[in-house]
Amino acid sequence: NAGVTQTPKFQVLKTGQSMTLQCAQDMNHNSMYWYRQDPGMGLRLIYYSASEGTTDKGEVPNGYNVSRLNKREFSLRLESAAPSQTSVYFCASSLGLTSLGFFGPGTRLTVL
Amino acid sequence: AQSVSQHNHHVILSEAASLELGCNYSYGGTVNLFWYVQYPGQHLQLLLKYFSGDPLVKGIKGFEAEFIKSKFSFNLRKPSVQWSDTAEYFCAVTPGGGADGLTFGKGTHLIIQP
């Protein structure tokens, strides 16, 4: 099993450009999440999908959209990137409480 | 909504010293508690978790944590740290079944000096 995979690993954008971060899991987990990590802020939940076909806003959803394409894939889209979105983005998945530990390797995004 | 406080943002210890990292949460109901570790340049790994039962939980790499309900605390401990424990440590909580995601503390950067 690959676990949780994310692409790309690194990305540099100019202000106003758009891009989609991809996330996939092969553990048959129901729930998937997008977090951002900023220095001194910990991780903050952007959006989550508790099950296929549903998505909900987390703590910091502004400027982002998500798509739960199927049970395996959960993408995060920045329609018009801003420097404040410079961050490391982590995708995670879970199947209930007992499997709340699976994070992807992260995408380091810089917006100039 | 729940929140998590980690009081020590930076901790520097010598090898073989004992470690205790503080974590307090605020939430009125039942919560599930976690500690994660992030080694330099890597993603988060689960150290240990508490759902119910024995409030003293043991995790990987010799770490343990104690849930004290009356203090809303879930402190992480290790009797003797090693240089390889240098990392960032995050406390996190989630209520209920956990499908709504985790609320993280801001993290503690631990540096172990040889």
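Chain letters run A, B, ... following the sequence lines, proteins first and then strands; every chain starts at 1.
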Between A:A92, A:G104, A:S49, which has the largest tally of heavy atom pairs under 4.5 Å with chain B?
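Going by pairs under 4.5 Å, I would pick A:G104.
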
Side chain, backbone, both or neither: which part of A:E59 has a heavy atom under 4.5 Å from chain B?
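Neither part.
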
Which portion of A:L43 sits near chain B, non-hydrogen atoms under 4.5 angstrom
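Contact with chain B: backbone and side chain both.
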
Please state whether the rings of A:Y33 and A:Y48 are parallel, tilted or perpendicular, taking 30° and 60° as the class boundaries.
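If you compare the ring of A:Y33 with that of A:Y48, the planes turn out parallel.
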
Over 60° means perpendicular and under 30° means parallel, so classify the ring planes of A:F103 and A:F90, tilted if in between.
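Rings of A:F90 and A:F103: perpendicular, over 60°.
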
Using modelled atom types only, decide if a donor and an acceptor are shared between the side chain of A:Q6 and the backbone of A:G106 within a distance under 3.5 Å.
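Side chain of A:Q6 to backbone of A:G106, a donor-acceptor pair under 3.5 Å: yes, one is there.
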
Do [X] and [Y] have side-chain N/O donor and acceptor atoms under 3.5 Å apart?
X	Y	result
A:S18	A:R77	yes
A:D38	A:S87	yes
B:K71	B:N24	no

Quick one: what part of B:Q45 sits under 4.5 Å from any heavy atom of chain A, side chain, backbone, both or neither?
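The answer is neither part of B:Q45.
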
Within-4.5 Å side-chain heavy-atom neighbours: A:L45 and B:T103
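In short, these two side chains do not touch, never coming nearer than 4.5 Å.
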
Of the listed residues (B:K106, B:E88, B:Q38), which shares the most heavy-atom pairs with chain A below a 4.5 Å separation?
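With the most close heavy-atom pairs to chain A, the winner is B:K106.
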
Spell out, yes or no, whether A:V111 and A:M19 are grouped together once hydrophobic residues are joined by side-chain heavy atoms under 4.5 Å, including indirect joins.
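As far as the 4.5 Å side-chain criterion goes, A:M19 and A:V111 are connected within one cluster.
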
Where along residues 53-66 of chain B does a heavy atom come under 4.5 Å of chain A, listed by residue number?
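No residue falls under the 4.5 Å cut-off.
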
